[in-house]
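Structure first, then comments.
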Amino acid sequence: MGKDKETYRGQIHDAMVPIFVGSWECPTIRMVDLSTGLCSFLHMGRDEAKTFFSSFLENVHSDDKRRLMRTIKKVAKAPGIFRQEYYRLRIPWDKGGYDYRWVVSSLAGCGLTHGGALIYMSFLDCPKEFLSKSDVLLSQSGVPLMHQRINLLLHKILETTQTAIFWKDEKRRFLGANRAFLNYYDFPSESVIIGKTDEDMGWHQEEEPFRHDELWVLKTGHRTFRVPGRCMSHGEMRNIVASKSPLIENGKIVGLVGSFEDVTDEVRQKKRIIDLNEQLISALSKARAADKAKTSFLSNVSHDMRTPLNGILGFTDLALREKDEAKRQDYLEKIQASGKLLLDLINDTLELSRIASGKKKLDPQVVSAQHMLDGLITSIQTSATTAGVHFETEIALSELGSVSVDILKLTKILLNLLSNAVKFTPCGGHVRFEARALPETRGNRRKCQFVVSDTGIGMSKAFQARMYDPFEQEHAQSQQGKRGTGLGLSVARQLIDLFGGTIHVESQEGQGTTFTLELFLDCTNEKSKLAPAPAESTDLAVDLKGKRLLLCEDNALNREITTALLGLHGIEVDSAGNGRQGVDMFSRSEPGKYAAILMDIRMPLMDGLTAARTIRKLPHPDATKIPIIALSANAFAEDVEESRAAGMDAHLTKPADATVMLATLSRLITKGRPVLPPTELRG
């Protein structure tokens, strides 16, 4: 082995051919040996040559170094592969000094057992008349030098351009491609594609349109431009556009040349823009429709509010001028009816607005299914009796036991349907209300059906198509004495949607109407937490004559009306113009002076909620036990909850119904309220 090594060293060491042997350990080459011929080639002594090759790559021209390194790596990784590379090397000239010279090296690699590789390099000097790499590469081609340089310039352009370029023969088989093409598909060399068609490669999602346009180019000699398609690259299907032209030689089409661009990001951006435009167009359309609906809604509200307001003002003027007591009484009754209609219209408008804005939510409570509608039935029975209409009911919900449901909203829906049925059924007619549980279930939810039928005047098919639209009234002109707001069915439909229920109507003019409501109720094992609501009696349970109340109200007209109404029943009233004044008056009062407090909510200096909380925390003996009743224009459920959270016992809305106000006062003054220590009061 030692002898072989010496023989090997002698063969390399003493060879007159310029040869270098190096140990490759990326990214450096460590010198192993060099030949005598290489020393002569470099015009250096052996020691000087060894020093030179210790930093060999630093003497390679910067424009050629990366290319030479790639070749060295290839032969190091694949022993047995032979490569040839042209480059400029900085070495001494015959006449002294250093300069770059074009050289050509043949390279081969040999793997080592411990890893790495030996690199064998031979060196030859290029003919001196060639001053560039292009001259060297084409020195043996026989092509004129200018043509050689042009051809190599074109080759360099193909290799450096960022556009993927390829060329094919007349059978659509690849003949070659540039570096950008190979890099796009991550191919190591042209050998992967040479002689193959697109179908052989299988990289297109569909063979067309590229197969079709290539056949067209080869047949007609015409060009195609940016034909869109899809291809597989780096594990994903991407969008490309390809342009192709015929290759013509001696007047004959011998193939084609093509290029393509990746437009995936462009396509995605266009799609995003299109989607965004569609969204904007849709939003604009909705905004215009909403604006139109808003304008129509406000127009209808204005019209329908002015109608009862005109009655109020008109009949008030007539009543003031009328001397006849009977006519004056008639005018006053019409004023009252117009006022109630205006109040209903305001309430329904606000209700519809809150539902549409998404502020209305279900507030379920556990109730007895069989008895949850008792109050509603009693109310409708009274109305039907007054109108001379026969009212029948059939309630079959006992099998459900207790259910969790927003009973107030369900009652509002059914109240609207039933009151309409009574309103539009002539005297002597019939109205029937049925409630039953259906077999269909969803978990612990059970479908229930509510049917309201009547023998009334019915509805036309045309009206049925728009009956849930706000302000629609088919019989408003013929039913002047029974005029409604035109919002009831619209509110009912919105609430049904809130429940996730459905409603169906069958009606013929002159033959009555049947509404069928179906929705799911949550069955529960909990016991009803709601005690039966006591009916508010129109007769006072106790005599309030001589009782003194504290009224906190900033509006002088409201103070006068409330004081006068209470005064008719012998109730004395002390008034405060704001919450702070009301707190001061109560705190200075003798124990037992005031039987109750009527509290407005929106007042200057101190609002009613703050005033109520302040009173409950006072050291006054009556602070925790005196009934405080909110008397406010704030009429929503959250307003009632805020009043109760502030320590109030009831919430009455303006304009206050005198009967309800007196009944509430009677109940609270008689029964009193639970006496809670200040620490247990919320707020």
Side-chain angles (χ1 to χ4, degrees), residues 298-350 383 386-387 419 423 471 473 475-488 536 538-540 544-545 547-578 598-604 629-635 652-665:
L298 291 176
S299 176
N300 285 324
V301 168
S302 175
H303 173 272
D304 282 48
M305 283 188 176
R306 288 176 185 275
T307 299
L309 185 59
N310 181 64
I312 293 171
L313 296 176
F315 285 121
T316 299
D317 185 58
L318 291 174
L320 291 173
R321 300 170 184 271
E322 185 58 58
K323 303 295 184 180
D324 188 294
E325 287 297 326
K327 287 186 177 181
R328 182 182 298 175
Q329 181 65 27
D330 179 60
Y331 292 150
L332 291 175
E333 289 176 357
K334 290 177 178 177
I335 291 172
Q336 185 180 51
S338 296
K340 288 182 177 180
L341 177 59
L342 182 59
L343 178 60
D344 289 342
L345 182 62
I346 292 172
N347 289 336
D348 285 345
T349 301
L350 293 176
S383 299
T386 303
S419 60
K423 182 189 301 183
F471 303 104
Q473 299 183 79
H475 302 292
Q477 301 302 321
S478 61
Q479 300 292 117
Q480 288 297 327
K482 302 178 180 180
R483 179 178 171 83
T485 66
L487 292 174
E536 298 286 4
T538 56
D539 298 323
L540 298 181
L544 298 177
K545 187 175 181 179
K547 299 291 183 181
R548 182 175 292 275
L549 306 183
L550 175 59
L551 171 63
C552 300
E553 169 64 69
D554 64 312
N555 185 279
L557 185 60
N558 288 339
R559 286 200 303 269
E560 182 179 353
I561 292 173
T562 304
T563 301
L565 286 174
L566 295 174
L568 292 175
H569 297 274
I571 302 173
E572 299 178 10
V573 178
D574 291 341
S575 297
N578 57 67
L598 293 174
M599 183 74 71
D600 185 25
I601 300 299
R602 297 188 182 185
M603 294 184 291
I629 302 166
L631 189 60
S632 172
N634 297 347
L652 303 179
T653 57
K654 297 177 182 177
D657 185 302
T659 301
V660 174
M661 180 168 60
L662 291 169
T664 302
L665 285 170

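All residue numbers refer to positions in the sequence shown, counting from 1. From a predicted model like this one, the values you see are computed outputs, not experimental measurements.
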Is any side-chain heavy atom of Leu662 less than 4.5 Å from a side-chain heavy atom of Ile571?
yes
Taking atom OG of Ser632 and atom CD1 of Ile629, what is their separation to the nearest 0.5 Å?
13.5 Å
Rounded to the nearest 0.5 angstrom, the CD1-CG distance for Ile335 and Asp330 is 10.0 Å
Would you check, one step at a time, whether the test side chain to side chain contact (heavy atoms under 4.5 Å, CB included) holds for Leu631 with Asn558?
CA-CA 10 Å; Leu631 189 60; Asn558 288 339; over 6 Å; no
Could you give the distance from NZ (Lys545) to CD (Glu572), rounded to the nearest 0.5 Å?
10.5 Å
CD/Glu333: more than 12 non-hydrogen atoms of other groups inside 6.0 Å
yes
Flag side-chain contact, heavy atom, 4.5 Å: Leu551 against Arg559:
yes
Rounded to the nearest 0.5 angstrom, the OG1-CG distance for Thr562 and Asp600 is 9.5 Å
Would you say the side chain of Met661 lies within less than 4.5 Å of the side chain of Leu652, judging by non-hydrogen atoms?
yes
In terms of heavy-atom contacts, Ile601 and Ala630 come closest through CD1-CB, 4.2 Å
Side-chain contact test, heavy atoms from C-beta onward, threshold under 4.5 Å: evaluate it for Val573 versus Leu598 and give yes or no.
no
Rounded to the nearest 0.5 Å, the CD atom of Gln329 sits from the CG atom of Asp324 at a distance of 11.0 Å
Between CG of Asp574 and OG1 of Thr563, what distance do you get to the nearest 0.5 Å?
9.5 Å
